[in-house]
Each structure stands twice: as C-alpha cells, then as structure tokens.
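From a predicted model like this one, the values you see are computed outputs, not experimental measurements. A, B, ... follow the sequence lines: proteins, then strands. Residue 1 opens every chain.
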Number of protein chains: 2
Amino acid sequence: MADGAKGKALGSVLARVPKATFRAHIADGLRAAILNGDIEPGAQLVETALADQFGVSRGPLREAMRQLIDEGLLVAVPYTGTHVVGLSVDDVREIYSMRVTLEIFAFEQIWARRDQAFRQGLVARRDALTACIDAEDDAASIVAELQLHGFVYEATGHKLLIRTWDSIRGRLQLYWAAHHRAHGIRGPRRDGHDRYVEMALSDDFDALKSEITDHMARGGRQTEDFLRGREARAVQGS
Amino acid sequence: MADGAKGKALGSVLARVPKATFRAHIADGLRAAILNGDIEPGAQLVETALADQFGVSRGPLREAMRQLIDEGLLVAVPYTGTHVVGLSVDDVREIYSMRVTLEIFAFEQIWARRDQAFRQGLVARRDALTACIDAEDDAASIVAELQLHGFVYEATGHKLLIRTWDSIRGRLQLYWAAHHRAHGIRGPRRDGHDRYVEMALSDDFDALKSEITDHMARGGRQTEDFLRGREARAVQGS
DNA sequence: GCGGCTCACATTGTCAACAATCGACTGTCT
DNA sequence: AGACAGTCGATTGTTGACAATGTGAGCCGC
C-alpha cells in the first residue's frame, strides 16, 4: 500500500496540470492581496465575505487561510476572528538578523559552484532591479529585489533553505509593502546592490560576509526609524 | 475596523482556554503518531479512515492535515492521496547543514546574555539526556536531545529562529524515529554532548563553532550510512 | 501476447446547513 | 452612578451529503 508511486516518473513529470484546485488559487490570491497591501495589516478577514468574494464555499477558503496562517501572514483566534499580522519593530529586526545568517549560509553552499550561468543570472537580476529603481517604480523594485536575493537561494538547490527563505520572504514583503504605502519611494539603493553583486562575484568571501552584514544593517536601520514612529500596535503573530 | 483588540492585554493573557478546537487536537495527535513512528514514512493517510479514527468529520481533519503538510511532514497530490513524507539522503544532509548554521546563529544571539539560569538549564538538560543514554532508553533520549537543543533556541527569544527550528525539528524527529525503528540504539553519544555543553558554557566562541560543526558532521555521517543502505525511495516533500 | 480503451471504484474536492462560542449591548439591581 | 447578569448578533467551528478526479482492473482488437 505504501508503494503507490512506482515507475511513473515520466508520467508524473509530464502533463501535470491537475485541474487547479480552488484552495491553491485562493491562497495565491489572498497572499497577493495581503502582500500588495490591498488588505492592511491588522484588518480582520471574515470567512463568509471572502468566500463570496472568491466565489467559493467556506471550506476551501478556510484551508487556504490555514496555509497563510502557517506562513505567518495571518493570525487566528478561535471563534473570534482572523487578522492580517502586523509586524513590530522586533519582528522586523528578527527578519533582518535571520537574513544575514541565511544569506551567508547560502553563499557558503554555492561559493565553489558559481558558474557562468549563476554569474549571468545574478547580473541580470541586478540590472532589472537597477532599472526599476531608476524608473522610481517602487512596487516593481520590491519584486525585483526579492528576485535578486531569491535567485541566490534558488541557486543553492538547498530545498530546506529555500523553504525557509519562502517563509521569511512573505513577512519581509509584508513589511516592505507597508513601508511603501506609508513612505513612498524608499530611497536610493543602487550603490548598495551594486556592491552586493560585485562582492558576490569576487573571490573574497569575507568581504562578501561584511557586505551582507552591512547591507542588512542599513535596511534594518531604515526599518526601525519607520516603525518606531507609529504605535506599531502589532497583532502579534506566532 | 482594524482596532478590535485594544486594552484587553490582561484579559487575553489570563484565562485563555478557548474550549479546545478539534483541529488543534487532531494535528497534535497525528503529528505525534507520525513522529512516534506509529505511521511509517510513505504510508498513505486516507481522510475518511482517519476522520473515523479521531471521531470527527473530514473538515477539521483536512485542516489539520493541511497544517502538517505545511510543516513538511506530509505531502499531498490532488485527488490522489496524502502520504507521510520519506526523507532521502539529501534531505537529511540538508537538515544537518542547516542545523549547524542555525545553532551557531542561536549562540551568537545569546552569547553575551548567558546568565545563571541559562547555564543551569543547559546542564540540567544535558544530565537528563545522559541519564536516558545510560538507561539505553532510545525513545526518551530522542526527546531529551531535542529538548537540549530546543532550550538553546528558546533562550534566544528569537521568535523567527524558534519557528524555523520547529519546522526543522519535525523532520529531524521523523528521521530519528525511522533510524531508531531500523537500528535500535543509535550508539554512545555521551562524550559528544558533554563536549557540546562544555563549549557552550566556555568563553571561546570559535571553539564552540568547531564543536557544533563536528557534532553535526558526526550525526550526518551516521545518517548517510543508514539511509544509503536502503533504497530511500522518498515520497518527495516540498 | 500486447497496447489501447472503457468502466467502476476509491479518494479527494466542494458545498450548504447547523451548532458552539465570543463580544457587546441593555436593562436591572444595589 | 456603578456593577452585574442576561440576551442578541456576528463569526467561527463542525457536519454530512454531493461532485470531480485519478487509478487500476478487465476487456477488446491487433
């Protein structure tokens, strides 16, 4: 009974279009709405209303919400309500400190295997980000920056690391979106990313480590100034 | 609308016994059954059967399973079935490499704040683990070892780090349980943990880093020997 | 004998109705 | 006036039935 999957490797790789279950679509839609800022942090998500909005029943919707709860984007209180998580100063500080560690670990994993494809991919994503920044398109630059860093994680092939990055990325994106809504353009960051990529392609690992630490410290400082201003009444998550 | 929670800090802290929703109970029970090894890796979990077994409907059960899927313990294929995840050699290698990074990060966070309570707590948990090993109680030693390392993560107060450790711990426990079932006692590990705790309480951070790296490398090697033996036909997760 | 097809079964996905719980409001009693 | 109990509305938790899909067995033609 435990060996259902046998030699179906080919069949399961090709033509894997499983008719799209609703739950996945809802989870994606909701996540996008939250990360885009269409739903503000702290706002309550009412199941019946959302179900209507998505044109589905509450069952699939609840499962999608459960998924987002596990991703750390929502927080639920039984019989009371589910809210979009609000990030406190400490939360964002944790995110940045974690990123330093994970990103250095990622480069450790890939350092000896930085082939031409990796170098080209990294440069291409930096250029894309630079273009967004020059165009002052903040929403696009958020996506571009996430893709730049995500490319590094992906390149490691370390599934557990990628999974962890995914869980952090959501919260980071949530914070960036809030920051963007409140402040508009986040300021010039061209030089920072140029240095970052330069170091990533160099042969001096320690220099890269310093650069990553500084890179994140800069982002973290920007953060605290922003969050300390408002009350940061966080609907605490996890 | 977004300010439902106001000055209810006290009321929400005290007397928070929300009548125990089923889903939480089911998730805990299922998780325990899987990590205990009562359900073997690769086995299929049929919703109707499990729902009967737990005496609930399929709704709450599905939500509990969704949660375990997000924890990386189950893997689901739409319209086909949900299986307990099987760990491959690479998966376990990833877990151990990740642990090295995370645990060193944890000690970085707490290094300057290692007060008396921390030292006592660490020693107490090492003694508990030693007792389990001397008694050759393998099941208990697994729990004790997880609590020893978990104590370090908890001590950091870094919620995101703790959350990440939780997600890894499940898979680690899953592997240890399988290892235990196949091999029985995993061999003497007294010395290793004694050294680990000794370094953790010393003032030589670099020595601790080396010790952690070696500690994990030993566990990792033990792993590969074990897993390489069998086919490791992994019901791939994530 | 073998490849493709059909069909029935097992399992998961979805839905709409019902029950339990929480928070606020109100009216009363002291 | 202030505190307290009861009640009401809103929201989530749970259930059983129905629909959609994937899988494998059996059949047929070659």
Side chain to side chain donor-acceptor pair (under 3.5 Å) contacts touching residues 48-59 of chain B (sequence neighbours left out):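 Applying side chain to side chain donor-acceptor pair (under 3.5 Å) to every pair that reaches into residues 48-59 of chain B, excluding sequence neighbours, yields Glu47(B)-Arg58(B).
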Contacts of Arg125(A) that satisfy salt bridge (charged side-chain N to carboxylate O under 4.0 Å, His left out) - sequence neighbours left out: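 None.
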Set of residues satisfying salt bridge (charged side-chain N to carboxylate O under 4.0 Å, His left out) with respect to Asp38(A), sequence neighbours excluded: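 Result, salt bridge (charged side-chain N to carboxylate O under 4.0 Å, His left out) vs Asp38(A): none returned.
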I need the [atom1]-[atom2] distance between [X] and [N], as an integer number of Å.
| X | N | atom1 | atom2 | result |
| --- | --- | --- | --- | --- |
| Arg23(B) | dG13(D) | CZ | C1' | 9 Å |
| Glu47(A) | dC22(C) | CD | C1' | 14 Å |
| Tyr79(B) | dT12(C) | OH | P | 12 Å |
| Phe22(B) | dA20(C) | CZ | P | 10 Å |
| Leu45(A) | dA10(D) | CG | P | 19 Å |
| His83(A) | dC22(C) | NE2 | P | 15 Å |

Which of residues 49-59 of chain B have a heavy atom under 4.0 Å from DNA chain C?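 Residues of residues 49-59 of chain B that come under 4.0 Å of DNA chain C are, in numerical order, Arg58(B).
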Considering only heavy atoms, which members of residues 60-68 of chain A lie under 4.0 Å from some atom of DNA chain C?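 DNA chain C contact set from residues 60-68 of chain A: Pro60(A).
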Test item: Thr80(A) side-chain N/O and Pro78(A) main-chain N/O as donor-acceptor pair under 3.5 Å: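 Checked: pair present.
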Report the C-alpha distance between Leu148(B) and Glu145(B) in whole Å, list the side-chain angles of each, state the deciding distance to 0.1 Å, and finish with yes or no for side-chain contact (heavy atoms from CB on, under 4.5 Å). CA-CA 5 Å; Leu148(B) 170 63; Glu145(B) 178 156 359; 5.5 Å; no
Can you tell me how far apart CD (Glu108(A)) and OG1 (Thr156(A)) are? Round to the nearest 0.5 Å.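 These two atoms lie 12.0 Å from each other.
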About how many Å separate CD1 of Ile39(A) and CD of Gln44(A), when rounded to the nearest 0.5 Å?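 Here the rounded value is 12.0 Å.
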Identify which nucleotide among dG22(D), dT12(D), dT12(C) has an atom closest to any side-chain atom of Thr48(B), counting heavy atoms from C-beta outward.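 For the Thr48(B) side chain, the nearest candidate turns out to be dT12(C).
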From the options dT23(D), dT14(C), dT12(C), select the nucleotide whose nearest atom is closest to the side chain of Thr80(B).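 Of the candidates, dT23(D) comes closest.
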Students often get this wrong, so: under 4.0 angstrom with heavy atoms, is Ile26(A) touching a base, only sugar-phosphate, or nothing?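 Here Ile26(A) touches no strand at all.
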By the ring pair (Phe, Tyr, Trp, His ring centres under 6.0 Å) test, which pairs, at least two apart or in different chains, include something from residues 143-174 of chain B?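 Listed once each, the pairs are Phe105(B)-His158(B), Phe118(B)-Phe151(B), His149(B)-Tyr196(B), His149(B)-His215(B), Tyr153(B)-Trp165(B).
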Any side-chain heavy atom of Ile162(B) within less than 4.5 Å of one from Glu154(B)?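 Ile162(B) vs Glu154(B): side chains touch.
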